[in-house]
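Keep in mind that the numbers below use all heavy atoms, side chains included, and drop hydrogens, waters and symmetry copies.
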Amino acid sequence: MRVFQAKTSEVKEVAKLFDQYRVFYKQESNIEAAEAFILERMENNESVIFVVEEEGEFLGFTQLYPSFSSVSMKRLWILNDLFVAKTARNKGVAQYLLDAAKQFAIETSAKSLDLQTANDNYSAQALYEKNGYELEKDFRSYSLLIGN
């Protein structure tokens with residue numbers, strides 16, 4: 001297995017995983033829209049995507065979005081998406097992705113690598129906590145839904 005930062009030439013393979021990720025979260029499959037979304041993020045330098053590949057097959061991906069901390073005046077990365085194909089689960093793919101994201105955050109002198117996960121996603125919570133992520137207790141998260 002190897003992990004690397006995806007390039008625009010690999011958008012079709014990444015979009016397949018991204019589409020499966022969205023279906024996992026109860027969205028309708030739309031591979032064309034997934035491909036357009038991923039390509040736009042990459043072309044506009046709006047996200048960084050790492051993938052794990054083995055023997056030409058893309059097994060999982062994580063997508064990081066940039067943000068900033070005004071108080072510390074430093075960059076931070078939002079680990080917004082992490083997905084491993086069903087056939088590749090429990091093989092260490094997610095760990096490869098988390099390691100790549102952490103190394104990238106270090107290399108870019110980020111303050112932190114932040115993420116959110118569903119309250120009932122216990123396997124992801126266990127993986128994140130095993131990797132040193134801590135549950136935020138000092139702040140509440142709010143969201144204002146603008147569109148669907």
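Note: Lys12 NZ to Glu35 CD = 3.5 Å, rounded to the nearest 0.5 Å. Atom-to-atom distance recorded for Phe61:CZ and Glu10:CD is 14.0 Å, nearest 0.5 angstrom. Here the CD1 atom belonging to Ile31 is positioned 10.0 Å from the CZ atom belonging to Arg22, to the nearest 0.5 angstrom. For the atom pair CD (Gln125) and CG (Leu115), the distance works out to 10.0 Å, reported to the nearest 0.5 Å. For the atom pair OG (Ser29) and CD (Glu32), the distance works out to 8.0 Å, reported to the nearest 0.5 Å. One distance of note links CG of Asn80 with OH of Tyr21; it measures 5.5 Å at 0.5 Å rounding.
The two residues Pro66 and Glu46 have their closest heavy-atom pair at CD-O, 3.3 Å. Nearest heavy-atom pair across Ala94 and Leu127 is CB-CD2, 3.5 Å.
Annotation for Glu107: atom CD counts as buried by contact number, over 12 foreign heavy atoms lying within 6.0 Å. Atom CD of Glu28 sits in a sparse spot, with 12 or fewer heavy atoms from other residues, nucleotides or ligands closer than 6.0 Å. Within 6.0 Å of CG in Asn44 there are more than 12 heavy atoms belonging to other residues, nucleotides or ligands.
Below 30°, between 30° and 60°, or above 60°: for Phe18 and Phe37 the angle between ring planes is below 30°, a parallel geometry.
Contact of the Leu64 side chain with the Ile78 side chain is not registered, since no non-hydrogen atoms from C-beta on lie closer than 4.5 Å. Taking the side chain as every heavy atom from C-beta outward, Lys74 and Phe68 never approach each other to under 4.5 Å. Inter-residue side-chain proximity for Thr87 and Glu57 is flagged as met; some heavy-atom pair is nearer than 4.5 Å. Residues Glu134 and Tyr128 fail the side-chain proximity criterion, which asks for heavy atoms closer than 4.5 Å. The closest side-chain heavy-atom distance from Arg75 to Ser67 is not below 4.5 Å. Proximity of Leu98 to Tyr133: side-chain heavy atoms (C-beta onward) are separated by under 4.5 Å at one or more points. Residues Leu79 and Thr62 form a side-chain contact, since some pair of their non-hydrogen atoms from C-beta on lies under 4.5 Å apart. At least one side-chain heavy atom of Ile49 sits under 4.5 Å from a side-chain heavy atom of Ile38.
Considering only residues two or more places apart in sequence or on other chains, Tyr96 meets the ring pair (Phe, Tyr, Trp, His ring centres under 6.0 Å) condition with none of them.
Residues Phe83 and Phe104 are members of separate hydrophobic clusters, defined by side-chain heavy-atom contacts under 4.5 angstrom among Ile, Leu, Val, Met, Phe, Trp and Tyr. Val93 and Val23 are not part of a single hydrophobic cluster, where members link through side-chain heavy atoms under 4.5 Å apart. Leu97 and Phe24 fall into different hydrophobic clusters, where Ile, Leu, Val, Met, Phe, Trp and Tyr are joined by side-chain heavy atoms under 4.5 Å apart, directly or via other members. In terms of hydrophobic clustering, with Ile, Leu, Val, Met, Phe, Trp and Tyr side chains grouped at heavy-atom distances under 4.5 Å, Val3 and Met42 are assigned to different clusters. Clustering ILVMFWY residues whenever any of their side-chain heavy atoms sit less than 4.5 angstrom apart, transitively, puts Trp77 in a cluster other than the one holding Ile106.
Gln27 places no side-chain N or O within 3.5 Å of a backbone atom of Gln20 that could act as its donor or acceptor partner. Of the possible donor and acceptor atoms, none in the side chain of Ser112 sits under 3.5 Å from a partner among the backbone N and O of Leu76. Asn121 places no side-chain N or O within donor-acceptor distance of the main-chain N or O of Thr117, the cut-off being under 3.5 Å. Glu136 places a side-chain N or O within donor-acceptor distance of the main-chain N or O of Asp138, the cut-off being under 3.5 Å.
A side-chain donor-acceptor contact under 3.5 Å links Asn131 and Gln95.
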message = Walk me through whether Lys16 and Glu13 qualify under salt bridge (charged side-chain N to carboxylate O under 4.0 Å, His left out).
response = CA-CA 5 Å; Lys16 289 176 191 173; Glu13 293 87 354; over 6 Å; no

request  = Please report the C-alpha distance between Tyr65 and Val48 in whole Å, then the side-chain angles of each, then the deciding distance to 0.1 Å, and finally whether the side-chain contact (heavy atoms from CB on, under 4.5 Å) criterion is met.
outcome  = CA-CA 7 Å; Tyr65 291 114; Val48 174; over 6 Å; no

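Ion pairing between a basic and an acidic side chain is recognised when a charged N comes within 4.0 Å of a carboxylate O; Arg2 and Glu54 show no such pairing.
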